[in-house]
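Atoms considered below: every heavy atom in the structure, side chains included; atoms not considered: hydrogens, waters and symmetry mates. Reminder, nothing fancy here: chain letters follow the sequence lines and each chain counts from 1.
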2 protein chains.
Amino acid sequence: MRDNRISEAVISRLPKYYRYLSELEAKGTQRVSSSKMSADMGLNASQIRRDLNCFGGFGQQGYGYQVNNLKNEIKKILGIGKKYTAVVVGAGNIGQALYKYTNFAEEGYNLAAIFDADQSVVDKEIDGITVRPIEELADFVINNEVNLGVITAPKRHAQRIADELVLLGVKGIWNFAPVDVVARKGVCVENVHLSDSLFVLSYRMRTNGED
Amino acid sequence: MRDNRISEAVISRLPKYYRYLSELEAKGTQRVSSSKMSADMGLNASQIRRDLNCFGGFGQQGYGYQVNNLKNEIKKILGIGKKYTAVVVGAGNIGQALYKYTNFAEEGYNLAAIFDADQSVVDKEIDGITVRPIEELADFVINNEVNLGVITAPKRHAQRIADELVLLGVKGIWNFAPVDVVARKGVCVENVHLSDSLFVLSYRMRTNGED
DNA sequence: CCAATTTTGTTACTCATTGCAAATACCTCC
DNA sequence: GGAGGTATTTGCAATGAGTAACAAAATTGG
């Protein structure tokens with residue numbers, strides 16, 4: 001709480017800390033120092049302390065950080081545990097996979113329904129899930145107070161779907177279509193481009209260290 | 001080719017350029033300037049020129065960049081189009097989704113087979129694909145000259161699978177398990193943490209701009 | 001064919017981020 | 001309860017990334 005401007009770089013490391021601390025907690029570890037975190041995670045110890053200090057003095061000199069406490073603080077910072085209600089739009093491969101993936105629910109992200117425009121997959125129970133027709137999207141979002149939209153539709157529809165979701169009042173868009181979806185101020189967008197990461201991997205494989 | 005040290009930041013923007021240029025090419029656009037790219041992609045024009053110039057002078061003063069040519073150059077830089085043979089290890093939701101996703105094949109990434117350790121899903125044709133038993137992984141990788149491993153197994157198995165794949169000679173690991181898989185020097189690893197991006201989105205939704 | 005315009009390649013500058021080291025605070029053990 | 005050790009703070013230096021400004025070069029139009 002000491003600096004109002006938290007950099008993107010810091011934010012993007014928080015989930016990693018969260019993951020690491022969850023592991024420690026599961027192992028029953030009570031306390032951890034920045035130097036141990038550094039050794040385990042491959043980040044500079046100084047950077048870790050600095051990052052955490054952006055949000056408050058969680059550590060104690062001469063002792064380190066209390067694992068459970070720190071984990072919960074980061075959880076609060078990231079907004080994990082707040083109840084989110086989401087819809088998945090696009091019942092293709094990725095859409096179905098995300099919808100069926102249960103780990104998100106455990107963290108409080110409830111993927112409440114999945115929609116598709118293709119009549120051939122709608123209203124049939126595929127592999128245990130029922131795909132709803134896109135025409136019901138608006139009603140569902142409003143009646144269930146959906147605040148998060150997951151877009152897994154083909155790229156040509158992505159922006160239009162995003163626009164509709166925003167109009168319906170969602171506060172966040174998690175987009176998997178290979179375009180950069182945009183939204184008006186006040187709505188948060190996270191574009192996930194799987195192939196981008198594959199291309200970066202491919203670049204590294206080609207150049208392998210030196211260039 | 002003017003600077004041997006290309007920063008991560010530059011590399012991570014290349015796929016975005018590639019995507020954008022592919023769109024332009026599909027529309028039949030012949031030439032593009034850095035200022036147009038800037039306007040369309042929301043990046044600083046100066047940065048775009050600088051990024052591209054890391055790899056050579058692709059542009060022409062007074063003219064701009066030739067779309068088709070630049071796209072192909074970036075394609076080469078990223079190593080897209082080279083033939084990769086990959087295996088997917090873990091036939092859960094994400095594994096199946098990636099395996100069935102055909103766009104990768106179009107870019108030269110051939111996902112040749114999918115494996116799982118769970119006997120109940122093995123050797124049965126599920127939704128058009130056949131899952132192979134994990135015991136056949138080694139033979140398959142060697143016989144088919146697999147150079148890329150995609151890990152979509154539970155996190156407790158991820159590192160062990162990675163180690164085996166590396167031992168079998170793959171040169172790249174594309175990991176979707178929620179752990180940071182590591183590999184010996186010479187093998188490239190790209191860890192994709194979907195929930196990380198969800199958490200970052202969740203943070204932004206909570207703080208929404210100001211903090 | 002020449003001048004005006006466009007647009008890149010490149011250098012210089014600013015700002016953010018990372019890394020380091022001294023200082024401070026707290027725990028632990030005797 | 002005090003001394004020593006441990007680990008965070010905090011301020012500062014160095015590195016790196018992003019932006020702006022400019023000069024060189026090529027195109028375009030008359």
Could you state the [atom1]-[atom2] distance from [X] to [N], rounded to the nearest angstrom?
X	N	atom1	atom2	result
Phe55(A)	dT9(D)	CZ	P	14 Å
Gln47(A)	dT8(D)	CD	P	15 Å
Leu52(A)	dT8(D)	CG	P	9 Å
Ile48(B)	dT10(C)	CD1	P	17 Å

I'd like to know if the side chain of Tyr18(B) pairs up with that of Glu107(B) as donor and acceptor (distance under 3.5 Å, no hydrogens or angles considered).
yes

Just by distance, with hydrogens left out, do Ser33(A) and Tyr65(A) show a side-chain donor and acceptor under 3.5 Å apart?
no

Flag yes if more than 12 heavy atoms outside [X] fall under 6.0 Å of its [atom1] atom; otherwise flag no.
X	atom1	result
Gln30(B)	CD	no
Lys100(B)	NZ	yes
Glu136(B)	CD	yes

Can Glu23(B) and Lys71(B) be counted as an ion pair, charged N to O under 4.0 angstrom?
no

I want to know whether Phe58(A) and Phe55(A) have ring centres closer than 6.0 Å.
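So the answer is no for these two rings.
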
List the atom of Ala158(B), the atom of Val181(B), and the distance in Å for their closest heavy-atom pair.
CB-CG2, 4.0 Å

Indicate the atoms forming the closest heavy-atom contact of Val182(A) with Asp163(A), along with that distance.
O-OD1, 4.4 Å

Does anything in residues 35-43 of chain B reach DNA chain D, meaning a heavy atom under 4.0 Å, and if so which residues?
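Listed by number, there are none.
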
Looking only at side-chain N and O atoms, does [X] come under 4.0 Å of OP1 or OP2 in [N]?
X	N	result
Asn53(B)	dT8(C)	no
Ser34(B)	dT7(C)	no
Tyr65(B)	dG9(C)	yes

Who pairs with Tyr63(B) by ring pair (Phe, Tyr, Trp, His ring centres under 6.0 Å), at least two apart in sequence or on another chain?
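For Tyr63(B) there are no ring pair (Phe, Tyr, Trp, His ring centres under 6.0 Å) partners, ignoring immediate neighbours.
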
Quick one: what's the B/S/- string for nucleotides 20-30 of chain D, heavy-atom cutoff under 4.0 Å, read 5' to 3'?
BB--BBB-S--

Hey, what's the ring geometry for Tyr109(B) with Tyr84(B), parallel, tilted or perpendicular (30° and 60° as the breaks)?
parallel

With Asn175(B) as reference, evaluate Thr152(B), Val89(B), Asn191(B) under the side chain to side chain contact (heavy atoms under 4.5 Å, CB included) test and give the passing residue.
Asn191(B)

Rounded to 10 degrees, the angle between the two terminal axes of the helix from dC1(C)-dG30(D) to dC30(C)-dG1(D), each from five pairs:
30°

All pairs passing side chain to side chain donor-acceptor pair (under 3.5 Å) where residues 7-16 of chain A contributes a residue, at least two apart
Glu8(A)-Arg204(B), Arg13(A)-Asp51(A), Lys16(A)-Asp180(B)

Of the residues in residues 7-15 of chain A, which ones touch DNA chain C at a heavy-atom distance under 4.0 Å?
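The answer is Ser7(A), Ala9(A), Arg13(A).
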
